[in-house]
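Data block below; observations after.
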Amino acid sequence: GNNVVPNVHFRKVNGMQAGRKNRVMMRTWLDQAGRKKRRSNNRKAKAAKLFPRPAAGLLRPIVHPPTQRYNMKLRLGKGFTLDELKEAKIPRKFAKTIG
């Protein structure tokens, strides 16, 4: 007939099992605030360890994107040119250490 074909594979939907077992399937987020705090502390420790270098990674120039759609905005570029470094009086080898 035109009945639904039984498919017993999808029984274990979260919290839908009988009895105490349903807790096994659930992932709690009770440590969310603690994780947030730990990540924050780790970021601060990393920044302190890297000081005086930039903690956010390499220094990058601010550029205008190329196309008409985006060129009124600003974004981070790939890196500074040797001419820009020369103008800022930053040696090439030292520039690599700060980004």
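The model shown is predicted, which means the values in this text are computed figures rather than measured ones.
- Hydrophobic clustering keeps Phe51 apart from Leu59 (ILVMFWY residues linked when any side-chain heavy atoms are closer than 4.5 Å, directly or through intermediates).
- A distance-only check finds no donor-acceptor pair linking the side chain of Gln32 to the backbone of Trp29 [under 3.5 Å].
- The closest side-chain heavy-atom distance from Arg38 to Asn42 is below 4.5 Å.
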Report all side-chain donor-acceptor pairs from residues 69-80 shorter than 3.5 Å, counting only partners two or more places apart or in another chain.
none

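- A distance of 10.5 Å separates OG1 of Thr97 from CG of Leu58, quoted to the nearest 0.5 Å.
- Here Arg53 pairs with Leu50 under the side chain to side chain contact (heavy atoms under 4.5 Å, CB included) rule; sequence neighbours left out.
- For Arg39, the side chain to side chain contact (heavy atoms under 4.5 Å, CB included) test picks out Arg35, Lys36, Arg43, with sequence neighbours left out.
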